[in-house]
Participant: 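Submitted below is the structure of interest, expressed as structure tokens.
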Amino acid sequence: MRCHPLMSGFKVPRVAVLGPYRLTTLCPQSVEEDYAAVMESKDRLSGLMGGDWPNGLTLEKNRIDLSWHLKEFEMNRSFAWIIRDVVGAYLGCAYVFPDFTGHGAFVPVWMRTSAGAEAHERAFSALLMGWLIGPDWPAFEYRLKLPGS
């Protein structure tokens, strides 16, 4: 497994603050709170990542997914964060999946249903996209994807 060619030399932050939101790397240590948020919001999330995710997701399958996300982050291939509020509550997740065949990146974002998903998704996405087109990131064509879009 190798780094994405356009990510070579970039050091993507494991933690970032975007306005009132704090990003922390999605990792296996967060499996229980991540699984609870996904299951709470599974009807909204169906189709967000392609395929039928999160249908059939179990706690153990989620642990494997989170381990894979962390490995890909460490390899500078793709990036996944938990979105938290200022007090540390788990709101949702944001991902950046660079395309290895071009200069695009798929950027799915979701917020848990109980967190006021739609309002948070719009506010957070604007801040995220502003960050992604800044100097910390390569010049990808970022394609934002929200639940239901």
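Please read all numbers here as calculations on a predicted model, not as lab measurements.
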Participant: What are the two closest heavy atoms between Lys42 and Pro54, and how far apart are they?
Facilitator: CB-CG, 3.6 Å
Participant: Whether the side chain of Glu121 engages the backbone of Met111 through a donor-acceptor N/O pair (distance < 3.5 Å, no angle test) should be reported.
Facilitator: yes
Participant: Is it true that Ile64 and Trp68 fall in one hydrophobic cluster, defined by side-chain heavy atoms closer than 4.5 Å?
Facilitator: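 Looking at the clustering, Trp68 is in a separate group from Ile64.
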Participant: Specify whether Phe79 and Phe73 have parallel, tilted or perpendicular ring planes, treating 30° as the upper limit for parallel and 60° as the lower limit for perpendicular.
Facilitator: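 Ring orientation of Phe79 relative to Phe73: perpendicular.
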Participant: Answer yes or no: does atom CD of Glu32 have more than 12 heavy-atom neighbours from other residues, nucleotides or ligands under 6.0 Å?
Facilitator: no
Participant: Say whether Met7 and Phe100 are linked into one hydrophobic cluster, either directly or through other cluster members, by side-chain heavy-atom distances under 4.5 angstrom.
Facilitator: no
Participant: Mind checking the CZ-CG spacing from Arg63 to Asp34? Nearest 0.5 Å is all I need.
Facilitator: 11.0 Å
Participant: How many angstroms lie between CG in Asn55 and CG in Asp43, if you round to the nearest 0.5 Å?
Facilitator: 8.5 Å
Participant: Enter the distance from Met39:CE to Asn62:CG here, rounded to the nearest 0.5 Å.
Facilitator: 7.5 Å
Participant: Would you name the heavy atoms of Cys93 and Tyr90 that are closest together and state the gap between them?
Facilitator: SG-OH, 3.0 Å
Participant: Could you tell me whether Arg44 atom CZ has more than 12 heavy atoms of other residues or ligands within 6.0 Å of it?
Facilitator: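 More than 12 heavy atoms, drawn from other residues, nucleotides or ligands, come within 6.0 Å of this atom.
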Participant: Is it the case that one hydrophobic cluster holds both Val12 and Leu70, taking links as side-chain heavy atoms less than 4.5 Å apart, direct or via other members?
Facilitator: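 Result: no, two separate clusters.
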Participant: Looking at every non-hydrogen atom in both residues, tell me the closest pair between Ser78 and Pro98 and how far apart they are.
Facilitator: CA-CD, 3.9 Å
Participant: Identify the two heavy atoms, one from Leu91 and one from Arg84, that lie closest to each other, and give their separation to 0.1 Å.
Facilitator: CD1-C, 3.9 Å
Participant: Are Lys61 and Trp53 packed together at the side-chain level, in the sense that at least one heavy-atom pair is separated by less than 4.5 angstrom?
Facilitator: no
Participant: Inspect the surroundings of CG in Leu59 and state if more than 12 heavy atoms from other residues, nucleotides or ligands are less than 6.0 Å away.
Facilitator: yes
Participant: Would you call Leu23 and Ile83 a side-chain contact if the rule is heavy atoms closer than 4.5 Å?
Facilitator: yes
Participant: Going by distance alone, is a donor N or O of one side chain under 3.5 Å from an acceptor N or O of the other, for His120 and Tyr21?
Facilitator: yes
Participant: Is Val109 linked to Ile133 within one hydrophobic cluster, defined over Ile, Leu, Val, Met, Phe, Trp and Tyr using a side-chain heavy-atom separation of less than 4.5 Å?
Facilitator: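 Yes, because Val109 and Ile133 connect within a single hydrophobic cluster, where side-chain heavy atoms sit under 4.5 Å apart.
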Participant: Quick one: does Trp81's side chain get under 4.5 Å of Val96's, heavy atoms only?
Facilitator: yes
Participant: Any idea which heavy atoms bring Tyr95 and Ala80 closest together, and the distance?
Facilitator: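 Heavy-atom minimum between the residues: CD2-CB, 3.5 Å.
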Participant: Taking all non-hydrogen atoms of both residues, which atom of Leu128 and which atom of Ala94 are closest, and how far apart?
Facilitator: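 Between these two residues, the closest heavy atoms are CD2-CB, 4.2 Å.
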Participant: Can you list every side chain to side chain donor-acceptor pair (under 3.5 Å) pair that touches residues 131-149, not counting sequence neighbours?
Facilitator: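 Residue pairs passing side chain to side chain donor-acceptor pair (under 3.5 Å), neighbours aside: Trp131-Asp136.
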Participant: Could you check whether any side-chain heavy atom of Tyr35 comes within less than 4.5 Å of a side-chain heavy atom of Leu57, counting everything from C-beta outward?
Facilitator: yes
Participant: Look only at the side chain of Glu40 and the backbone of Ser114, and say whether a donor-acceptor pair between them is shorter than 3.5 Å.
Facilitator: yes
Participant: Checking Ser30 side chain against Leu26 main chain: does a donor-acceptor pair fall under 3.5 Å?
Facilitator: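 No: the side chain of Ser30 does not pair with the backbone of Leu26.
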Participant: Donor-acceptor check, side chain of Ser41 to backbone of Thr113, threshold 3.5 angstrom: yes or no?
Facilitator: yes
Participant: Do any N or O atoms from the side chain of Asn76 and from the backbone of Phe10 form a donor-acceptor pair under 3.5 angstrom?
Facilitator: yes
Participant: Taking the side chain as every heavy atom from C-beta outward, state whether Pro108 and Phe106 have any pair of such atoms under 4.5 Å apart.
Facilitator: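 Yes, their side chains come closer than 4.5 Å.
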Participant: Are the side chains of Glu74 and Arg14 in touch, meaning some heavy atoms are under 4.5 Å apart?
Facilitator: yes
Participant: Taking side chain as C-beta onward, heavy atoms only, is Thr25 less than 4.5 Å from His69?
Facilitator: no
Participant: Please report the interatomic distance NZ(Lys71) to CG(Leu66), rounded to the nearest 0.5 Å.
Facilitator: 15.5 Å
